[in-house]
Amino acid sequence: MSIQHNNKFQEIISHAKEYGFVFPSSEIYDGLSAVYDYGPYGAELKKNIRDYWWKSMTQFNDNIVGIDAAIFMHPTTWKASGHVDNFSDPMIDNKDSKKRYRVDHLIEAKAEELALEGKKEEEYELLKKMDEYLAADDFVALKNIIEEYKIKCSVSGTSNWTDIRQFNLMFKTEFGAVAADNAEDNIVYLRPETAQGIFVNFLNVQKTARMKIPFGIAQTGKAFRNEIVARQFIFRMREFEQMEMQFFVRPGTEDEWYKYWKNERLNWHLSLGLPKEKYRYHDHVKLAHYAKEACDIEYEFPIGFKEVEGIHSRSDFDLSQHQQFSKKKQQYFDNDINPETGKAFGNYIPYVIETSIGLDRMFLLVLSNAYEEETITKEDGSTDTRIVLHIPAKLAPVKLAVLPLLKKDGLPEIAQQLMADCKPYFKCFYEEKDAIGKRYRRQDAIGTPFCVTIDHQTKEDNTVTIRFRDSMKQERIAFNKVRELVMQNL
RNA sequence: GCGGAAGUAGCUCAUUUGGUAGAGCACAACCUUGCCAAGGUUGGGGUGGCCGGUUCGAGCCCGGUCUUCCGCUCCA
């Protein structure tokens, strides 16, 4: 990351705070690491992004419906999904190389080494101890093993280790107000992804909304991950919001649908007028346990190319797992005729294509792309700078600012009429204090695409000045055309 | 977690060797004001991140602690 880019990122963070987009969480108590709150304009922008996504999924696609599943889920959900077993490993760091290892990997590597030296008994002994201590969560004993066998870091070659720490991806909490006999019985997790809420409702949705494959289920909502290092402003947070759509398809057609959604999702981004050259696909080579194919849509943030959205071909992994753990069939009966056999496709577990976008990351994307510190040359040749957010009008927190040129001569009254006229249709902002130029610049700073000024001429011919954010150009239009003009751009 | 940097008004920053904190912007009120942040007057606002030490006296020196940022590390 260059210093220049770094500065731009800092400026965006400062701007976000100063103008009420994003605040550090619990700031009066010195903040909570990697947790942020959205302020008045941030909440509007975030909501507008969410709504735009939701509409593009559930309104523009006849075969996609939405749900809103709970954050709490039955704990077995996470055993089935693989989150419990795959994300609770003890870790240890080498202080010299700064490299982090999974403790079991480290010890197993040593055992293998012993085996190669022909010390079969020692190998067996070591692995037996390890399993015993792992099962007991005895980190002190595990570290003793590492020291006893003089296990070294392959990078630094030293045995300078930190203490062992448990890495838990999922946040745990207690469910129910009364303690259970066995404390473990009361544990529920805060979901680390929204997808499982869709999978466990697959049959409910399919039956009640009478969906036929191929079809999709969309959902937006909070998810929680206890990241080891969560940083970079709202890019990686421990509490974040996902917008996910799981698309269920007939086995054998997954490649075609994967390509379809890969293409479709990038087009969604471009439909907002975001610059194509800042986007790229990143195809995964190393795949997660459930994935058949996977790619990320990356965007060039001020901190470099980073993932905004993932498209994954998840096979029938999730539904199969839930079928196995719940002992409830997760199958679909496909009445369509298979041209090869002349019979219906019959019962099967559908394959899934997932599109998963981080709402907070999308927010940061929009903000990063919108932010500009512009140098403008005035009529007298002198230069000035203005800070402007070129937020797409569809997403802008405030659509229209209504500004009486003077706070007298009946101009505020006329302005209030316009407010009343537009308020029911989109978010408006009214202001009558300070010089007009200052008011324009304040609207630029929060990304308001249109400003309308009411002046004395308005009283004579019912026209107003409309001023455009990006070009700073002004036009005279009829008072009663303002609402229409703004709505055309939303 | 390791290394580095920084915490003074809402924001950006001053306060030369230790002597009971200041500016600009922002905010509020009034006046002024015909179109791109720059008119005037007045006003509100700070236990200097927190705790302790040295000193007659600490925003400044020392120690600890917390938080944030950057780099490394990790990342479904």
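Scope of the values below: all heavy atoms of this structure, side chains included, with no hydrogens, waters or symmetry mates. The chains referred to below are lettered A, B, ... by the order of the sequence lines, with proteins before strands, and numbering in each begins at 1.
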Given [options], which nucleotide is nearest the side-chain atoms of [X]?
X: A435(A); options: rC36(B), rC35(B), rA38(B); answer: rA38(B)
X: I387(A); options: rC70(B), rA37(B), rU33(B); answer: rA37(B)
X: F9(A); options: rC36(B), rA38(B), rC70(B); answer: rC70(B)
X: Q10(A); options: rU33(B), rG34(B), rC69(B); answer: rC69(B)
X: R476(A); options: rA37(B), rC35(B), rC27(B); answer: rC35(B)
X: K438(A); options: rC35(B), rA38(B), rC69(B); answer: rA38(B)
X: R442(A); options: rA76(B), rC27(B), rG34(B); answer: rC27(B)
X: R225(A); options: rA76(B), rU33(B), rC27(B); answer: rA76(B)

Starting from [atom2] on [N], measure out to [atom1] on [X] and report it in whole angstrom.
X: K459(A); N: rG34(B); atom1: NZ; atom2: P; result: 13 Å
X: H312(A); N: rA76(B); atom1: NE2; atom2: P; result: 10 Å
X: Q474(A); N: rC36(B); atom1: CD; atom2: P; result: 7 Å
X: R238(A); N: rA76(B); atom1: CZ; atom2: P; result: 16 Å
X: I13(A); N: rC69(B); atom1: CD1; atom2: C1'; result: 8 Å
X: E293(A); N: rA76(B); atom1: CD; atom2: P; result: 18 Å
X: I436(A); N: rA38(B); atom1: CD1; atom2: P; result: 11 Å

Determine the contact category for F235(A): base if any of its heavy atoms lies under 4.0 Å from a base atom, sugar-phosphate if only primed atoms, P, OP1 or OP2 are that close, otherwise nothing. nothing
Looking across every strand, which nucleic acid part, if any, lies under 4.0 Å from F240(A) by heavy atom: base, sugar-phosphate, or nothing? nothing
Taking E309(A) first and then R265(A), would you say they form a salt bridge - that is, a charged N and a carboxylate O separated by under 4.0 Å?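 Salt bridge: yes.
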Out of curiosity, H322(A) NE2 to F317(A) CZ, how far, rounded to the nearest 0.5 Å? 8.5 Å
Between the base of [N] and the side chain of [X], is there a donor and acceptor pair under 3.5 angstrom?
X: D455(A); N: rC35(B); result: yes
X: R467(A); N: rC36(B); result: yes
X: R236(A); N: rC75(B); result: yes

Quick one, Y36(A) with F23(A), criterion ring pair (Phe, Tyr, Trp, His ring centres under 6.0 Å). Give me CA distance, side-chain angles, the key distance, then yes/no. CA-CA 6 Å; Y36(A) 292 89; F23(A) 308 126; over 10 Å; no
Whether K433(A) contacts rU33(B) is assessed here as follows: a side-chain N or O lying under 4.0 Å from the phosphate OP1 or OP2. Is that the case? no
Pairwise [atom1] distance for [N] and [M], with rounding to whole Å:
N: rC61(B); M: rU54(B); atom1: C1'; result: 8 Å
N: rG7(B); M: rG59(B); atom1: P; result: 16 Å
N: rG22(B); M: rA9(B); atom1: P; result: 14 Å
N: rA37(B); M: rG24(B); atom1: C1'; result: 14 Å
N: rC69(B); M: rG34(B); atom1: C1'; result: 46 Å
N: rC2(B); M: rU65(B); atom1: P; result: 11 Å
N: rG40(B); M: rU33(B); atom1: P; result: 14 Å
N: rU42(B); M: rA5(B); atom1: P; result: 45 Å

Would you kindly compare R439(A) and E431(A) by the position of their nearest RNA chain B nucleotide and give the one closer to the 5′ end? E431(A)
Upstream residue (5' side of RNA chain B) when Q457(A) and D434(A) are each assigned their closest nucleotide: D434(A)
Below 4.5 Å, heavy atoms only, C-beta onward: do [X] and [Y] meet side chain to side chain?
X: M73(A); Y: Q196(A); value: yes
X: K46(A); Y: I49(A); value: no
X: P404(A); Y: R439(A); value: yes
X: W78(A); Y: T76(A); value: no

When you measure from the centre of the six-membered ring of Y440(A), is the NZ or CZ of R467(A) under 6.0 Å away and within 45° of the axis? yes
Cation-pi between K262(A) and Y281(A): NZ/CZ under 6.0 Å from ring centre and within 45° of the ring axis?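 Judged by the rule (NZ or CZ under 6.0 Å from the ring centre, within 45° of its axis), K262(A) counts as positioned above Y281(A).
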When F301(A) is tested against each of F233(A), F235(A), F9(A) for side chain to side chain contact (heavy atoms under 4.5 Å, CB included), which residue passes?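 Testing F301(A) for a side chain to side chain contact (heavy atoms under 4.5 Å, CB included) against F233(A), F235(A), F9(A) leaves exactly one candidate, F235(A).
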Do you know which of E193(A), E239(A), E241(A) makes salt bridge (charged side-chain N to carboxylate O under 4.0 Å, His left out) with K222(A)?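 By the salt bridge (charged side-chain N to carboxylate O under 4.0 Å, His left out) criterion, K222(A) pairs with just one of E193(A), E239(A), E241(A): E239(A).
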Produce the list of close N/O pairs, under 3.5 Å, pairing protein atoms with atoms of nucleotides 9-11 of chain B; give distances to one decimal.
from, atom 1, to, atom 2, distance (Å)
rC11(B), OP1, K17(A), NZ, 3.3

May I ask you to decide if the ring planes of W257(A) and Y260(A) are parallel, tilted or perpendicular, using 30° and 60° as cut-offs? perpendicular
Runs of at least three Watson-Crick or G-U pairs with RNA chain B, cut-off 3.5 Å: B:1-7 with B:66-72, B:10-13 with B:22-25, B:27-31 with B:39-43, B:49-53 with B:61-65
